[in-house]
S.K.: 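For reference, the structure I am asking about is given below.
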Amino acid sequence: MKKVPTLDIRRYDTDRAAFVAELGNAYREYGFCCISGHGIPRELIDGAYESFQQFFALPTDTKMKYHVPGSGGARGYTPYKVETAKDSKHADLKEFWHIGREISRDSKFADVMPPNIWPTEVADFKKNGYGLFEALDQLGSRVLRALALHIDLPEHFFDDKIDQGNSILRPIHYPPITEDNIPNVRAGAHEDINFITLLVGASAEGLEVLTREGEWLPITTEGDAIVVNIGDMLQRLTNHVYPSTSHRVVNPQNENARKPRYSVPYFLHPNPDVVLDPLPQTVTPDNPSRYNTSITSHEYLLERLREIKLI
């Protein structure tokens with residue numbers, strides 16, 4: 001039985017060569033890996049989940065105060081059944097919130113990275129939400145260092161390409177499913193747009209990844225493991241050495257469908273001006289360059305947000 005591996009990131013400091021090889025192989029095969037031993041405190045994760053659940057429990061009118069029309073949901077609240085997976089006829093069965101990077105308002109990226117919005121109704125929302133944002137941002141940069149070494153880049157190659165990244169923490173609420181035979185799934189099959197995604201709380205059933213053989217493989221985590229997967233921007237930059245794999249969140253076929261599901265992905269993005277051309281290290285006679293046009297990460301992001309009907 002195939003299984004997405006779980007690797008302890010503490011081995012990056014104690015057993016680096018073997019860890020980098022195993023991590024790289026997991027991503028080449030699945031585009032996914034589960035990371036344990038990351039050291040993010042359980043209290044921070046639980047506190048953030050508690051704050052997010054409190055927000056989603058608020059009346060719709062209250063939540064809609066934080067919806068910013070025309071912004072593509074870049075910050076604040078996006079209501080139920082808006083986002084639609086590319087090429088899907090049906091909207092996803094979810095509502096969500098976006099927390100972005102806090103940057104100086106005189107930054108050169110201020111025009112494309114708006115300030116955060118914080119709901120006043122939930123006391124610790126900002127503290128817990130931004131605390132989790134920063135913890136996952138730091139973990140993501142550690143994963144990228146290992147991924148860089150695996151393809152013969154300098155360890156810190158990505159550091160200055162993600163320090164102002166347009167990254168997003170997205171608390172998601174999938175409400176209970178109360179009707180039978182609905183055509184929608186909680187999240188339609190899709191690939192992520194960004195460099196890597198770190199998903200906290202994939203302990204609930206539903207997440208599935210498409211294998212090379214074309215079969216849907218369920219992923220659930222144990223212990224403190226966080227699911228980390230490759231997004232399309234990193235796939236493009238690495239000339240598909242690291243594949244961005246289709247995944248979805250299916251509706252449970254049991255009583256869990258009647259329960260709400262919460263998940264919190266962190267989408268780690270490069271800085272808006274990073275050019276996503278295939279790296280020379282990843283272009284070989286066996287893997288010629290797949291792209292002949294240049295695009296920045298911000299241009300790419302806008303293209304994709306239009307496809308999924310967020311802008």
S.K.: With heavy-atom distances below 4.5 Å as the criterion, would you say the side chains of Arg290 and Arg236 are in contact?
M.R.: no
S.K.: Between the side chains of His150 and Arg28, does any donor sit under 3.5 Å from an acceptor?
M.R.: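 Yes, because at least one side-chain N or O of His150 sits under 3.5 Å from a partner of the opposite role on Arg28.
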S.K.: Does NZ or CZ of Lys63 come closer than 6.0 Å to the centre of the six-membered ring of Tyr66, within 45° of the ring's axis?
M.R.: no
S.K.: Taking the six-membered ring for Trp and the single ring otherwise, decide whether the centroids of Phe56 and Phe96 are under 6.0 Å apart.
M.R.: no
S.K.: Should Leu144 and Leu234 be marked as a side-chain contact (heavy atoms from CB on, under 4.5 Å) after you check the CA-CA gap, both sets of side-chain angles, and the distance that decides it?
M.R.: CA-CA 10 Å; Leu144 284 170; Leu234 192 61; 4.2 Å; yes
S.K.: Indicate yes or no: at least one non-hydrogen side-chain atom of His38 is less than 4.5 angstrom from one of Ser36.
M.R.: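 His38 does not reach Ser36 side chain to side chain.
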S.K.: Nearest heavy-atom pair of Ser294 and Asp277: which atoms, and what distance?
M.R.: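 Of all heavy-atom pairs spanning Ser294 and Asp277, the closest is OG-OD2, 2.6 Å.
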S.K.: Side chains of Tyr262 and Gln53: any donor to acceptor distance under 3.5 Å?
M.R.: no
S.K.: Taking atom types as modelled, is there a side-chain donor on Asn292 or Ser289 under 3.5 Å from an acceptor on the other?
M.R.: no
S.K.: Would you say Ile172 ends up clustered with Ile168 if hydrophobic residues are merged whenever their side chains have heavy atoms under 4.5 Å apart, either directly or through other cluster members?
M.R.: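 Ile168 and Ile172: separate clusters.
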S.K.: Taking side chain as C-beta onward, heavy atoms only, is Asp163 less than 4.5 Å from Asn271?
M.R.: yes
S.K.: I need the minimum non-hydrogen distance between Val112 and Pro272, along with the two atoms involved.
M.R.: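 Heavy-atom minimum between the residues: CG2-CG, 4.0 Å.
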S.K.: Under a single-linkage definition using a 4.5 Å side-chain heavy-atom cutoff for Ile, Leu, Val, Met, Phe, Trp and Tyr, are Phe157 and Val274 assigned to the same hydrophobic cluster?
M.R.: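 Yes, Phe157 and Val274 fall within the same hydrophobic cluster.
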S.K.: Can you tell whether the side chains of Arg142 and Glu155 come within less than 4.0 Å, N to carboxylate O?
M.R.: no
S.K.: Flag the pair Asp224 and Arg42 as a salt bridge only when some basic side-chain nitrogen lies within less than 4.0 angstrom of an acidic carboxylate oxygen.
M.R.: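 No salt bridge links Asp224 with Arg42.
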S.K.: What distance separates Ile45 CD1 from Asn128 CG, expressed to the nearest 0.5 Å?
M.R.: 11.5 Å
S.K.: Going by heavy atoms in the side chains, are Asn166 and Phe109 under 4.5 Å from each other?
M.R.: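 Not touching, per the 4.5 Å side-chain cut-off.
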S.K.: For the ring pair His247 and Phe32, is the centre-to-centre distance below 6.0 Å?
M.R.: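 Yes, they do, as the ring centres are separated by less than 6.0 Å.
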S.K.: Would you say Val68 and Ile103 are hydrophobically clustered, going by side-chain heavy atoms of ILVMFWY under 4.5 Å?
M.R.: no
S.K.: Do Asp124 and Ser51 meet the criterion of a side-chain donor-acceptor pair at a distance under 3.5 Å?
M.R.: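 No, because no side-chain N or O of Asp124 sits under 3.5 Å from a partner of the opposite role on Ser51.
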S.K.: Are the side chains of Val275 and Ile295 in touch, meaning some heavy atoms are under 4.5 Å apart?
M.R.: no
S.K.: With clusters defined by side-chain heavy atoms of hydrophobic residues (ILVMFWY) lying less than 4.5 Å apart, directly or transitively, does Val20 cluster with Ile151?
M.R.: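 Both belong to a single hydrophobic cluster.
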S.K.: Could you tell me whether the side chain of Ile117 reaches within less than 4.5 Å of the side chain of Trp97, counting heavy atoms only?
M.R.: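 Side-chain contact under 4.5 Å: yes.
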S.K.: Compare all side-chain heavy atoms of His269 with those of Leu301 and state whether any distance is below 4.5 angstrom.
M.R.: yes
S.K.: Cation-pi check, Arg16 to Tyr12: give yes when NZ or CZ is under 6.0 Å from the six-membered ring centre and within 45° of the ring axis, no otherwise.
M.R.: yes
S.K.: For residues Tyr130 and Leu169: do they belong to one hydrophobic cluster (side chain heavy atoms under 4.5 Å, members Ile, Leu, Val, Met, Phe, Trp, Tyr)?
M.R.: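 Yes.
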S.K.: Go through it in stages, so that I can follow the logic: the residues are Met233 and Tyr300, the test is side-chain contact (heavy atoms from CB on, under 4.5 Å), and I'd like the CA-CA distance, side-chain angles, deciding distance and then a yes or no.
M.R.: CA-CA 8 Å; Met233 290 185 186; Tyr300 189 84; 3.7 Å; yes
S.K.: From Leu268 CG over to Leu136 CG, what is the distance, rounded to the nearest 0.5 angstrom?
M.R.: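 Going from the CG atom of Leu268 to the CG atom of Leu136 covers 9.5 Å.
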S.K.: Determine whether Phe52 and His173 satisfy the following criterion, side-chain contact (heavy atoms from CB on, under 4.5 Å), listing intermediate values before the conclusion.
M.R.: CA-CA 9 Å; Phe52 302 150; His173 171 223; over 6 Å; no
S.K.: Rounded to the nearest 0.5 Å, how far apart are CD of Glu134 and OH of Tyr266?
M.R.: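 One finds 9.0 Å between CD of Glu134 and OH of Tyr266.
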S.K.: Could you tell me the separation between the CZ atom of Arg75 and the CE atom of Met113, rounded to the nearest 0.5 Å?
M.R.: 6.5 Å
S.K.: The test is side-chain contact (heavy atoms from CB on, under 4.5 Å); show your working for Asn239 and Leu279 and say whether it passes.
M.R.: CA-CA 7 Å; Asn239 202 33; Leu279 297 163; over 6 Å; no
S.K.: Taking the six-membered ring of Trp216, is the NZ or CZ of Arg248 close enough (under 6.0 Å from the centre) and on axis enough (within 45°)?
M.R.: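 The answer is yes, since Arg248 meets both limits relative to Trp216.
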S.K.: Is the NZ atom of Lys127 crowded by more than 12 outside heavy atoms at less than 6.0 Å?
M.R.: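 No - once you tally the heavy atoms of other residues, nucleotides and ligands closer than 6.0 Å, there are 12 at most.
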S.K.: Can you tell me how far the CD1 atom of Ile226 sits from the SG atom of Cys34, to the nearest 0.5 Å?
M.R.: 10.0 Å
S.K.: Is Arg145 paired with Asp159 through a side-chain N to carboxylate O contact shorter than 4.0 Å?
M.R.: yes
S.K.: Suppose we call two aromatic rings close when their centres sit under 6.0 Å apart. Are His240 and Tyr291 close by that rule?
M.R.: yes
S.K.: Answer yes when Lys2 and Glu29 have at least one side-chain N-carboxylate O distance shorter than 4.0 Å, and no when they do not.
M.R.: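 Yes, charged N to carboxylate O under 4.0 Å.
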S.K.: Can a side-chain donor-acceptor contact be found between Asp273 and Thr296 if the only test is distance below 3.5 angstrom?
M.R.: no
S.K.: Taking C-beta and beyond as the side chain, do Arg170 and Phe267 meet within less than 4.5 Å on heavy atoms?
M.R.: yes
S.K.: Going from CZ on Arg101 to OG on Ser167, what distance comes out if it is rounded to the nearest 0.5 angstrom?
M.R.: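 The CZ atom of Arg101 sits 4.5 Å away from the OG atom of Ser167.
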